[in-house]
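Structure first, commentary second.
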Amino acid sequence: MVELKTDTSIDAMHAAGRVVGQALTAVREAARVGVSLLELDEVAREVLRAAGASSPFLGYRPSFAPTPFPAVICASVNDAIVHGIPTGHRLRDGDLVSIDCGAELDGWVGDSAISFVVGRPRPADLRLIDAAERALAAGVEAARAGHRIGDIAHAIGRVCRTAGYGIPHGFGGHGVGRRMHEDPEVPNEGRPGRGLPLRPGMVIAIEPMVIASGTDAYLTAGDGWTLRTADGSRAAHVEHTVAITDAGPRILTARVPT
Ligand code: MG
Ligand code: MG
């Protein structure tokens, strides 16, 4: 069931989303060659702590997961697409890093992700990240009352496919509210004019994932969490929590300095 949020609730979700934006900004600033993924997790923990927010990631255990998630960020490096567990891995020059973070504040959740390169970037990685961001922007632009879920999915998928990139199906966007994952599902590819009609008060996470080689194939790593590309090529993942309002799409997780 899709729960519609009042304007007051959307304002409260914006406060939670602001904490996520702060955490992602702080993590990105801290991410340098030689810094470990666990250190990045600690940076995000500190932002959440200072804001009085809790983590919807920490201890999260969806049906597919063999263990509760042990961190407040997902840190997915190079061929990892999403759900990477922060480890002692130290970032190397040219690593493509995707960081996903959530925050829960006053009972409301925000969920957002960024991709960036540490050190000297490969041009191909910058193109991949750019496509993911353009797909996200297209998805947000389509998140309007009177459209349908399929319009968002189509907008995302078209940008990714036009750029020649693969899309790992089975993972994508979702409703957000008092819980991190609510109805509806928001796929990263689909047919325009199909699916659930979008209404003011719906709040959804839109989160394109792209695979550089063009394959859609992925596998789950031995930790039971990390999704990796099947062919070892690189992936990017970006996400915003977005409210559908009478005035158009409202991004609730904009990046903000701490
Ligand atoms: Mg997320
Ligand atoms: Mg999400």
Side-chain angles (χ1 to χ4, degrees), residues 18-62 64-104 110-122 124-126 128-129 132-133 168 171 180 207 209-212 218-230 232-239 253 255-258:
R18 183 179 168 81
V19 177
V20 181
Q22 288 175 333
L24 290 174
T25 301
V27 167
R28 182 170 191 165
E29 284 171 0
R32 298 204 167 86
V33 173
V35 173
S36 78
L37 301 178
L38 278 172
E39 287 165 347
L40 297 183
D41 186 60
E42 188 51 44
V43 168
R45 282 180 197 245
E46 186 50 42
V47 173
L48 267 57
R49 200 179 294 136
S54 59
S55 169
F57 286 28
L58 189 63
Y60 188 56
R61 190 175 182 184
F64 66 80
T67 53
F69 197 76
V72 308
I73 59 170
C74 298
S76 306
V77 179
N78 295 336
D79 64 323
I81 309 166
V82 288
H83 302 164
I85 295 175
T87 64
H89 170 82
R90 294 193 178 279
L91 293 170
R92 291 186 286 242
D93 191 39
D95 274 349
L96 195 175
V97 185
S98 298
I99 302 289
D100 196 340
C101 185
E104 182 179 332
D111 183 15
S112 184
I114 51 173
S115 286
F116 55 87
V117 177
V118 172
R120 285 165 296 182
R122 303 179 188 181
D125 288 343
L126 296 182
L128 185 67
I129 293 168
E133 289 178 344
F171 293 88
M180 182 163 58
E207 49 181 311
M209 304 160 195
V210 286
I211 298 176
Y218 60 89
L219 43 83
T220 306
D223 62 20
W225 275 99
T226 313
L227 295 191
R228 294 190 180 281
T229 63
S233 68
R234 292 187 166 199
H237 170 228
V238 293
E239 174 181 26
T253 46
R255 320 287 175 234
V256 280
T258 48

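Because the structure is predicted, anything quoted here is derived from the model rather than measured. Heavy-atom basis, side chains included; hydrogens, waters and symmetry copies ignored.
Across all their heavy atoms, Gly119 and Val33 have their closest contact at CA-CG2, 4.4 Å. In terms of heavy-atom proximity, Leu37 sits nearest to Ala75 at CD2-CB, 4.0 Å. Of all heavy-atom pairs between Leu128 and Ala236, the closest is CD2-N, 3.9 Å. Residue Leu24 comes nearest to Ala113 through the heavy atom pair CD1-N, 3.9 Å, listed as atom of the first residue, atom of the second, then distance. Here the closest non-hydrogen pair linking Ser54 and Leu48 is O-CD2, 3.8 Å. A pairwise comparison of heavy atoms in Met180 and Pro56 identifies CE-O, 3.8 Å as the closest pair.
To the nearest 0.5 Å, atoms OG (Ser76) and CD1 (Ile99) are separated by 7.5 Å. The CD1 atom of Ile73 lies 5.0 Å from the CG atom of Asp41; values are rounded to the nearest 0.5 Å. In this structure, OG1 in Thr229 is found 7.5 Å from CG in Leu219, a value given to the nearest 0.5 Å. Summarising the geometry, atom CZ belonging to Phe57 is positioned 7.5 Å from atom CZ belonging to Phe69; distances are rounded to the nearest 0.5 Å. Rounded to the nearest 0.5 angstrom, Arg45 CZ and Leu40 CG are separated by 12.5 Å. Within the model, atoms CD of Glu39 and CG of Leu91 stand 9.0 Å from one another, a figure rounded to the nearest 0.5 Å.
Between the side chain of Trp225 and the backbone N or O of Thr67, at least one donor-acceptor pair lies under 3.5 Å. Checked by atom type and distance alone, the side chain of Arg61 pairs as donor or acceptor with a backbone atom of Pro66 at under 3.5 Å.
Among residue pairs with one or both ends in residues 23-55, none qualify as ring-ring contact (aromatic ring centres under 6.0 Å, His included); sequence neighbours excluded. Judged as a salt bridge (charged side-chain N to carboxylate O under 4.0 Å, His left out), the pairs with a partner in residues 76-87 (not counting sequence neighbours) are, in order, Asp79-Arg228.
Under the 4.5 Å side-chain criterion, counting only non-hydrogen atoms from C-beta, Val256 is not in contact with Thr25. At least one side-chain heavy atom of Ile211 sits under 4.5 Å from a side-chain heavy atom of Pro168.
Legend: residues meeting salt bridge (Lys or Arg N to Asp or Glu O under 4.0 Å) with Arg92, ordered by chain and number and at least two apart, are absent. By the ring-ring contact (aromatic ring centres under 6.0 Å, His included) test, His83 pairs with Phe64, Phe171, sequence neighbours left out. Asn78 pairs by the side chain to side chain contact (heavy atoms under 4.5 Å, CB included) definition with Asp95, Leu96, Arg234, not counting sequence neighbours. The side chain to side chain contact (heavy atoms under 4.5 Å, CB included) search around Pro121 returns Val117, Leu126, not counting sequence neighbours. Applying the side-chain hydrogen bond (donor to acceptor under 3.5 Å, both in side chains) rule to Asp100 yields no partners; only residues at least two apart in sequence or on another chain are considered. Judged as a side-chain hydrogen bond (donor to acceptor under 3.5 Å, both in side chains), and not counting sequence neighbours, the contacts of Ser98 are Ser115. Residues passing the side chain to side chain contact (heavy atoms under 4.5 Å, CB included) test with Ala50 are Glu46, sequence neighbours excluded. In terms of the side-chain hydrogen bond (donor to acceptor under 3.5 Å, both in side chains) criterion, residue partners of Arg120 (sequence neighbours excluded) are, by chain and number, Asp93. Scanning for side-chain hydrogen bond (donor to acceptor under 3.5 Å, both in side chains) contacts around Ser112 gives Arg255, with sequence neighbours left out. Taking Thr220 as the reference, Leu227 meet the side chain to side chain contact (heavy atoms under 4.5 Å, CB included) condition, with sequence neighbours excluded.
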*Checking side chain to side chain contact (heavy atoms under 4.5 Å, CB included) for the pair Asp111/Thr253: CA distance, chi angles, key distance, verdict?*
CA-CA 7 Å; Asp111 183 15; Thr253 46; 6.0 Å; no
